[in-house]
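All residue numbers refer to positions in the sequence shown, counting from 1. Hydrogens, waters and symmetry mates are skipped; everything else that's a heavy atom, side chains included, is used. All values derive from a computational prediction rather than experimental measurement.
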Amino acid sequence: MKSSFKRVMFLSFLIVTFFNFNVNAQEGKVIGGSMHEIPSWFKESFLDIKEDIEEAEAKNKHYMIFMDLEGCPYCAKMLKESFINENKTSDFIKKYFDVIELNVKGSREVTWDENTTLTEKELAEKLEIQYSPTILFFDDKKEIIVRVNGYRNPSDFKYILEYVQGEHYKKMSLTEYVNKIEKQNLYTFKDNKMFKNIKDLSKIKTPLAVVFEDGSCTQCDYFHDKVLKNKDVMDEFKKFTIVRFDTNSNDEIIDVDGNKTTAKQWAQTINLDYRPGILLYDNKKLISTIDALLYPFHFKELLRYVSGKYYEKYPKSYLDYLKVRQEELLKKGININLGE
């Protein structure tokens, strides 16, 4: 289910715990983090993954790992909405899944397979886990069948749960499955003066942001009403040419490489199942795919990473840029708000 495009890693744990701060009165502070508790009904595990999966299979359940980090606002939000609150999503998880929690910076030992025992942190590095939360689903062959990067709200997460529980992964990709579902129309497209009506993307010379939305989008209102109205985000977005497509559209467009396609075909080709999904290009090269909820600080810094060409200085990971950038802001006395 892995997209052919590289996903740039950007969520809150990257800021909260990658380094320790010794701030004085003149330095800025990191605020907006959210502490959370792990649901009491999560599986008591000896952290032997093979054994856990076999136990789940014996109960006719799938196995899920919820990977989180202390202070992560996205983790706290998702745990509360989809696991702790009593609703159809949490009921579905309890019925059909065994769930354990791992801390991406933790020190507990995890037996990954017969030949590999690692700490939680080492396992996160092995699996290149750089989102918080990251949710992993396994089949009975102990293979990861779905990897959810970042927050999903309860209704969107339930589509993924049903995809796994119904074993639809044996027949189609998650994106194909989600596209087949008859979803409720929740969102009416909103105009924005920054968006350009351009169908041929191959001639754009500036950094480019391609926004994918549709009527079932549960996060598009937040994106328009909060993120896009944030002054820092707006200042960074002005450096881009921004186009917005309806992901359900079959109208012909020309992509950055000059290929004829449609928004629907494009999103399906790259397995973009999150809305609003955003592709960030520079010099016709895809630098980042935003496929999870981002609050304003993370969003504007990711834009800066692309438009400022910091990916050239930090080609390995956006995280390398973010660490330096955060230290720079704090030393200037600027507070960093990780929250909404």
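- Within the 3.5 Å criterion, the main-chain N or O of Y131 finds a donor-acceptor partner in the side chain of T134.
- In this structure a side-chain-to-backbone donor-acceptor pair under 3.5 Å is missing from E27 to G333.
- N337 contributes no side-chain N or O that, together with a main-chain N or O of E340, makes up a donor-acceptor pair within less than 3.5 Å.
- Proximity of the aromatic rings of Y314 and Y318 is defined here by a centroid distance below 6.0 angstrom, and this criterion is not met.
- Both L47 and L123 are assigned to one and the same hydrophobic cluster, defined by single-linkage of ILVMFWY side chains at heavy-atom distances under 4.5 Å.
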Y295 and Y74: ring pair (Phe, Tyr, Trp, His ring centres under 6.0 Å), yes or no, with the steps?
-> CA-CA 9 Å; Y295 293 145; Y74 306 98; 4.7 Å; yes
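- Taking the six-membered ring for Trp and the full ring otherwise, the centers of Y274 and Y151 sit at least 6.0 Å from each other.
- A continuous path of hydrophobic side-chain contacts links I160 to M172 [ILVMFWY only; heavy atoms under 4.5 Å].
- A side-chain donor-acceptor contact under 3.5 Å links D113 to the backbone of N115.
- Here the side chain of E109 pairs no donor or acceptor atom with the backbone of T119 at under 3.5 angstrom.
- Side chain of N230 to main chain of P296: no donor-acceptor pair is present (N/O by atom type, distance under 3.5 Å, no hydrogens or angles).
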How far apart are the C-alpha atoms of K61 and F97, what are their side-chain angles, what is the distance that settles it, and do they pass the side-chain contact (heavy atoms from CB on, under 4.5 Å) test?
-> CA-CA 5 Å; K61 290 185 175 184; F97 294 86; 5.7 Å; no
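- Looking only at distances, no side-chain donor or acceptor of R152 sits under 3.5 Å from a matching main-chain atom of M78.
- In this structure, the ring of F189 has its center no less than 6.0 angstrom from the ring center of H224.
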Ring pair (Phe, Tyr, Trp, His ring centres under 6.0 Å) assessment of F83 paired with F66 = CA-CA 11 Å; F83 293 83; F66 189 96; 5.3 Å; yes
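- Side-chain contact of N153 with S155: a donor-acceptor pair under 3.5 Å is present, judged by distance alone.
- By the 30° and 60° cut-offs, the orientation of the rings of Y310 relative to Y321 is tilted.
- Side chain of S34 to backbone of A76: no donor-acceptor contact under 3.5 angstrom is found.
- Applying the ring pair (Phe, Tyr, Trp, His ring centres under 6.0 Å) criterion to Y177, with sequence neighbours excluded, gives Y163, H168.
- Not one N or O on the side chain of N283 forms a donor-acceptor pair closer than 3.5 Å with the backbone of K285.
- Ring geometry, Y305 versus Y311: the interplanar angle exceeds 60°, so the pair is classed perpendicular (tilted spans 30 to 60°).
- Judged purely by atom type and a 3.5 angstrom limit, S202 has no side-chain atom pairing as donor or acceptor with the backbone of V256.
- Here salt bridge (charged side-chain N to carboxylate O under 4.0 Å, His left out) pairs that include residues 248-258, with residues two or more places apart or in two chains, number zero.
- Residue pairs meeting the salt bridge (charged side-chain N to carboxylate O under 4.0 Å, His left out) criterion with at least one member in residues 304-313, sequence neighbours excluded, are D282-K309.
- Below 30°, between 30° and 60°, or above 60°: for F137 and F157 the angle between ring planes is between 30° and 60°, a tilted geometry.
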Y222 and Y187: ring pair (Phe, Tyr, Trp, His ring centres under 6.0 Å), yes or no, with the steps?
-> CA-CA 11 Å; Y222 175 80; Y187 165 71; over 10 Å; no
